[in-house]
Amino acid sequence: MTQDYNQITIPEATALQQELRSKVLIQAPDFPINTVAGADISFNKNSTTVYAGIVVLKFPELQPVAYCLVKKEVTFPYVPGYLAFREVPALLEAWKLLKVKPDVLVVDGHGIAHPRGLGIAAHFGVLTGQPAIGCAKKLLFGKYDEPGEQRGDFSPLLNKGVMIGAVLRTKPNVKPVFVSPGYKMDVPGSLSLITQCIGNYRLPEPTRLAHNAVNHFREGTLPEGCVNTL
DNA sequence: GCGACAG
DNA sequence: ATCTTGTCGC
């Protein structure tokens, strides 16, 4: 039974997460990675309009080659642990309009590093079958020790002794990011890919460019729609 | 009961 | 996340 995320209740959302969690596939990527994409959402305070976007870049060059921007109404509130019910619908709209799907999608949020093992990246992956990775800016679930201060240094993100992700330093002396597999990816593969997506900023290029795009879109600097830069 | 708590 | 002012450093 499919649900309208804007009308779903927390108990129903919890049940759906537990159901979808059994469909999550965590495995080493066995396919070539020539493109990677970043997905993010932006919105004005006190507004139900969300601006979603997905930016595709060549890998490992990290040069943007296409992007899709869509606007959607959302009433489901932000509740820690249920971010997907607020952002996935809009991201799916953008996803459907994307001409060429990327080999891997990096979502702004967590993958399996979630209380019920189903962060937004895992949720999106199960729904679309798309290999995905979660890259968040803050901890939601799990324990970790502060990683080294140099770019590339990382420490394991653990849950009862099991590695569910990694805390990665993408920039010297700057707060680290939290990486965890979402779908058809594993911890080593996710950490490796994100590390290779590091540019000169705290956020890896896919997520950083997606964040920039949705903000320009919200501010009117970029129009709604899809574009292929090649 | 007391903290923690993606965006 | 967004909003907003101020400060530090290249």
Side-chain angles (χ1 to χ4, degrees), chain A residues 5-6 8 10 13-14 16-17 20-21 24 38-55 69-94 105-126 132-144 146 149 151 157-160 164-168 170-183 190 194 199-204 206-221:
Chain A
Y5 287 181
N6 269 335
I8 199 169
I10 293 296
T14 301
L16 180 54
Q17 290 184 321
L20 296 180
R21 173 171 60 171
V24 174
D40 193 23
I41 293 287
S42 180
F43 57 87
N44 287 307
K45 191 175 182 180
N46 302 320
S47 170
T48 55
T49 301
V50 297
Y51 302 80
I54 295 177
V55 177
L69 301 168
V70 303
K71 192 168 57 174
K72 192 174 181 63
E73 291 303 303
V74 177
T75 57
F76 190 85
Y78 165 65
V79 180
Y82 299 87
L83 176 65
F85 295 90
R86 195 178 151 64
E87 306 194 343
V88 161
L91 289 181
L92 283 177
E93 293 276 294
L105 177 68
V106 181
V107 183
D108 191 25
H110 291 91
I112 59 171
H114 175 280
R116 289 168 292 289
L118 197 83
I120 187 169
H123 192 131
F124 187 93
V126 169
I133 295 173
C135 184
K137 298 179 290 299
K138 295 177 182 177
L139 173 73
L140 169 65
F141 181 74
K143 294 275 295 179
Y144 71 97
E146 197 67 17
E149 289 302 319
R151 171 178 310 203
L157 179 55
L158 311 166
N159 171 36
K160 301 174 182 175
I164 55 176
V167 185
L168 175 67
T170 54
K171 198 171 167 45
N173 306 81
V174 169
K175 296 295 294 179
V177 294
F178 302 77
V179 181
S180 62
Y183 191 71
S190 298
I194 296 300
N200 299 152
Y201 301 85
R202 182 200 177 203
L203 297 183
T207 293
R208 189 179 73 81
L209 295 182
H211 190 274
N212 286 169
V214 293
N215 277 324
H216 286 317
F217 177 29
R218 176 171 60 83
E219 294 160 9
T221 305

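The figures that follow rest on heavy atoms only: side chains count, while hydrogens, waters and symmetry mates do not. A, B, ... follow the sequence lines: proteins, then strands. Residue 1 opens every chain.
- Residue A:Gly81 is classed as a base contact, given a heavy-atom separation below 4.0 Å to a base.
- For the pair A:Gln17 CD and B:dA6 P, the computed distance is 14 Å after rounding to whole Å.
- For the pair A:Asn215 CG and B:dG7 P, the computed distance is 14 Å after rounding to whole Å.
- When heavy atoms are screened at a 4.0 angstrom cut-off, A:His123 is found touching no nucleic acid atom at all.
- In the set C:dT2, C:dA1, B:dC5, the nucleotide with an atom closest to the side chain of A:Leu139 is B:dC5.
- A:Asn6 and A:Thr75 form a side-chain donor-acceptor contact under 3.5 Å, judged by distance and modelled atom types alone.
- When the P atom of C:dA1 is taken as reference, atom CZ of A:Phe217 falls 18 Å away, rounded to whole Å.
- Residues A:Tyr51 and A:Asn215 form no side-chain contact, since every pair of their non-hydrogen atoms from C-beta on lies 4.5 Å or further apart.
- Applying the 4.0 Å criterion to OP1 and OP2 of B:dG7, one finds that A:His110 has every side-chain N and O outside that range.
- Between A:Asn159 atom CG and B:dA6 atom P the separation is 17 Å, expressed in whole Å.
- Nearest to the side-chain atoms of A:Leu83 among the listed nucleotides C:dC3, C:dA1, B:dG7 stands B:dG7.
- Here A:Asn173 lies out of heavy-atom contact (under 4.0 Å) with every strand.
- Contact between the side-chain N/O atoms of A:Lys138 and the OP1/OP2 oxygens of B:dC5 is not found at any separation under 4.0 Å.
- Atom CD of A:Glu219 and atom P of C:dC3 are 8 Å apart (whole Å).
- In the set B:dG7, B:dC5, C:dC3, the nucleotide with an atom closest to the side chain of A:Lys45 is C:dC3.
- Contact between the side-chain N/O atoms of A:Ser42 and the OP1/OP2 oxygens of C:dA1 is not found at any separation under 4.0 Å.
- A:Phe178 has its ring centre less than 6.0 Å from the ring centre of A:Tyr144.
- Contact annotation: A:Asn44 does not reach the phosphate of C:dA1 (side-chain N/O to OP1 or OP2, under 4.0 Å).
- Regarding A:Leu203, its CG atom lies at a distance of 13 Å from the C1' atom of B:dG7, rounded to whole Å.
- The side chain of A:Phe43 has B:dG7 as its nearest neighbour among B:dC5, B:dG7, C:dC3.
- Here the P atom of nucleotide C:dA1 and the CG atom of A:Leu140 are 14 Å apart, to the nearest Å.
- Here A:Tyr78 reaches the OP1 or OP2 of B:dA6: one of its side-chain N or O atoms lies under 4.0 Å away.
- Using a 4.0 Å heavy-atom criterion, one finds that A:Asn46 contacts no nucleic acid atom at all.
- Counting any heavy atom pair closer than 4.0 Å across all strands shown, A:Tyr82 reaches a base atom.
- Phosphate proximity of C:dT2 to A:Arg218: present, with a side-chain N or O under 4.0 Å from OP1 or OP2.
- Residues A:Leu203 and A:Thr170 are not in side-chain contact: their nearest non-hydrogen atoms beyond the backbone lie 4.5 Å or more apart.
- The distance from atom NZ of A:Lys175 to atom C1' of B:dA6 is 15 Å, rounded to the nearest whole Å.
- Looking at heavy atoms from C-beta onward, A:Phe85 lies out of side-chain contact with A:Val74 at the 4.5 angstrom threshold.
- Ring pair A:Tyr201/A:His211: centre-to-centre distance not below 6.0 Å.
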